[in-house]
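First comes the structure, then the notes that go with it.
Below, chains carry the letters A, B, ... as their sequence lines are ordered, and counting in each starts from 1.
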Amino acid sequence: MRPSDTPTTQDRAAAADGAAQRSITTRRLLIGGLGAAALPFLARTADARAATGPTVVTAPTSSDDNLVQPQSASVLPLSIQAASGQTANLTEWQDPQGAPLTAVEPNGDITMPRTGAGKGPFAWRVAGSTFNGRWNPTMSFGYNTGRKDSDAAGIPTVSGEPYAGFFVGSDYDDGTRRNMEMYLEFRSGDGVTNYRPWFFQVDRAATTPETFVTGSQIVGNPLTIGALRDGAGDQIQPTVNVAQFYANHTVLRAPVAGKPNLLSINAGPNQTSILRLGANDVARQWQLIAEPKRLDVNFLDTRSFSFYGAPRGAAGAAFAVGVEDNQAAGVFDTGPSANSLKGLVVRGKSTTSVNLVEIQDAARNVLGGYDRNGTWFTSRNAGPADADVKPGQMFMWFDPKTADLKIKGRDAAGAIRVGSVAAT
Amino acid sequence: VKPTVTPPAGASRTVLTRRTLLASGAAAAVPALAAASSARAATGPEVVTNPASSADNVVAGSAAVIDLTIRAAPDQVANLTEWRRESGDPGLVVNNRGDVRMPVPAAGKGPFGWRVAGSTFRGLWDPSTSIGYNIGNNSSPSMGVPTVAGEPFGGFLIESDYDDGQKRTVEAYLEARAQNGVLNCRPFMYQVSRFATTPQTFDTGSVFIGNPLTISAVRNGAGTPQNPVVDCARFAANHVQALAPLGDRPNLLSVNAPAGSTSQLRLGANDVAFQWIVEATASRLDLLFGYAGTARFYGNPKGAPGAAFAVGADDNQAAGVFDTAPSANGLKGLVVRGKSTMTENLVEVQDAARAVRSGYDREGTWFTNRTTPPADADIKTGQMSIWFDHVGGNMRFTTRAANGKVRTGSIPLAVAAAV
């Protein structure tokens, strides 16, 4: 844009102190009267510096005094170029006493050094390192990150001070591929102790999401996961702790009183969910597998125990050991085990006062069993119907009227046989 | 190895050229410069306000010279520098405090910015910085005061020397504040000890927050082009969910264990964190009440593959063991309870082919299907077995007396009725 194309008036914010009295147009008129003759250097450089406007002054009295506007769109209005071996800052914005508020350092990094004696600056820097022969341009934003005499990222500006910052590595070659990385990084005042609380790495050349993300990690000591909650925490962080991740210990907190604490493992349609419990460095030593109607406990990959929520196809409950079998509320199968494994043991103690085993009806009446000493007994006072007695089967019960032990069986020929033994 | 910055096109004149040109009394020709500094020697051509060439305003001094200094006046209120758009609206600003701002050209909005501020905690100044939206107000040196009141703010903040009363720390966090100026949260926050020398004492706080917090994984074809992910887990208060985003496979939650050690799933109740514990050992899965074993599952009973379950004892002699020893005297060992409409036996003892050998029928009457005697060797002293001679129609006994002699007996059964 040439000056002649410039509007004679522009919307400009007035300086806060009201000193911006002269408009751009006014200044152009003023400079027009002086012309090149009044500015010797301009005349000498007239081959490239035609109408260049008034000069920037070091003690402006108006916010309009140092308004730099190029004459055409392709002109860079202001350049600050470093000298060879530049050591001083390229630009500083200073407080009235001359202390830098913000600075552009010799390499173009921006720092805000107003942090107090002994402290490092806040800074936005570009540096980098070479890995496997490839330059990795790196940006950091944070406290005390980087030093202007070093190309490498992650060197404290002020030694002995910790640093903290957000880093972007744009081309990290790990030897197998070229990556981009983003992470937080802290370094202690000792200059050695360091970690990256969260870290993400992507493959620069990826074309699918799953090959894109090649690393993602969040770190804590422990890492705490929280949830927002009305009235919780403090005003700055109104949260409750939901989970904490320690080395070898993950805790799901129960921050809300009056409600249960849930750990849910969902499953897709026709799929299972699995809780794997490791032991002795074997990740799936034990597995709890939730099938649609059955919960299995696997020893490694062998189904050893099954809990049924719908045995025999109907609502109910059953438990099986050693077999997938829901024909009974409890099944104890020795089939897959050693020959010396017994089927079922019920053990009492010397002071027990109740039966070791009871067979009950639905009303919890005792029908038979083994008393506290292990003696078999029956409380049945009637025998089975003949139709319920199969060939080769024999039943016993007690007739309390005659005090007889009653016996009924079906012999090999299919005949029902009965007998009794009188108790004296 | 750092790439060299190439001067912009058109900057044909060198710094040296410009310095030479300026040598003839430029200060006198530029009153402002003359007035500003009596000590200025060769300063080159002036920066002009209407450059015609990109080379016109190249400021280049010697290596030890600050090329450009913008100094605030006492009680400066105006911005120190503005980079303006064609419209005159500021695109980038260094304000009176030296903070960098990028104003949003929309009414009522705050600027994006990078700010240095701080607060004093327990007498220690905590220099802090923030980068984000609407962060920081010129009227306050403190962090977290919105630039434009009534607008929310959000940004990344670093506190470089926060004294929490016990230690001096560095903190880095995101912070968001609602437009009411009060509601606030820090979606993630890390705190480290400034003087730590070991990793575990370095990180003194690390928190991620959600409502709920969702953990996701990238997945081809999932989500949106901007975020092609599936959700893996959600953390809400009192409910952690391991989601199952993939429909073609089981969903796993794994608790690993190092060599020689176990893994535990602790289930709390009534504010007791380890009311119940499921502990996996190399050969046994224990269900503990507190730290006391309640039930045990054996994957290797008696040292061989198989399955056994025990209640009240660490005992794998049987597929099922029910021990009342650790319990009250009133606890029964085993109860099998029927229901009035049941059609099958209450208890069965079966062989490997699942054939019924004996048990209790659906009414609780004991029965046996054994029609042959046990081998004498299987009868221990003091033991009696009952079986049914279904050919002769007798109930028979096989016993071993106290003297070790096997004895047998029989009760004849009469034919009662034809079937």
Tell me, side chain or backbone of [X] under 4.5 Å from chain B's heavy atoms, or both, or neither?
X	value
A/Gln285	side chain
A/Phe141	both
A/Phe305	side chain
A/Pro260	backbone
A/Val346	both
A/Phe299	side chain
A/Leu263	both
A/Ala243	side chain
A/Ile225	both
A/Asn144	neither

No-hydrogen, no-angle side-chain donor-acceptor test under 3.5 Å, [X] and [Y]:
X	Y	value
A/Asn221	B/Gln200	no
B/Asn329	A/Thr351	yes
A/Arg276	B/Ser254	no

In terms of heavy-atom pairs under 4.5 Å, which option from [options] contacts chain A the most?
options	answer
B/Gln76, B/Arg97, B/Lys339	B/Arg97
B/Thr262, B/Thr371, B/Ile131, B/Val391	B/Ile131
B/Gly247, B/Gly306, B/Gly299, B/Ala244	B/Gly299
B/Ala172, B/Pro412, B/Ser263	B/Ser263
B/Ser340, B/Ser261, B/Gly303, B/Ala313	B/Ser261
B/Leu213, B/Thr204, B/Val349	B/Leu213

Mind checking the [atom1]-[atom2] spacing from [X] to [Y]? Nearest 0.5 Å is all I need.
X	Y	atom1	atom2	value
A/Tyr195	B/Asp203	OH	CG	3.0 Å
B/Phe322	A/Leu344	CZ	CG	6.0 Å
B/Leu265	A/Leu275	CG	CG	5.5 Å

Run the numbers on B/Arg71 and A/Asp95 for salt bridge (charged side-chain N to carboxylate O under 4.0 Å, His left out), then give the verdict.
-> CA-CA 6 Å; B/Arg71 181 175 297 172; A/Asp95 68 12; over 6 Å; no
Under 3.5 Å donor-acceptor, [X] side chain and [Y] backbone:
X	Y	result
B/Asn184	A/Ile236	yes
A/Thr193	B/Thr197	yes
B/Thr69	A/Glu92	no
A/Gln360	B/Gly364	no
A/Arg114	B/Gly98	yes
A/Asp281	B/Pro258	no

Do the non-hydrogen side-chain atoms of B/Arg194 and A/Ser188 ever get within less than 4.5 Å of each other?
->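 The answer is no, as the side chains (C-beta and beyond) never meet within the 4.5 Å cut-off.
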State, yes or no, whether a side-chain contact exists between A/Arg347 and B/Gln317 at a heavy-atom distance under 4.5 Å.
->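 They are in side-chain contact.
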Return the set of residues passing salt bridge (charged side-chain N to carboxylate O under 4.0 Å, His left out) with A/Asp361 (not counting sequence neighbours), or none when no residue passes.
->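 For A/Asp361, no residue satisfies salt bridge (charged side-chain N to carboxylate O under 4.0 Å, His left out) once neighbours in sequence are set aside.
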Check each of B/Phe367, B/Trp366, B/Tyr360, B/Phe388 against A/Phe395 using the side-chain contact (heavy atoms from CB on, under 4.5 Å) test, and report the only one that passes.
->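 Exactly one option meets the side-chain contact (heavy atoms from CB on, under 4.5 Å) with A/Phe395, and it is B/Phe367.
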Excluding sequence neighbours, so at least two apart, what forms side chain to side chain contact (heavy atoms under 4.5 Å, CB included) with A/Val256?
->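 Applying side chain to side chain contact (heavy atoms under 4.5 Å, CB included) to A/Val256 gives A/Arg229, A/Lys259, B/Ala237, B/Asn238.
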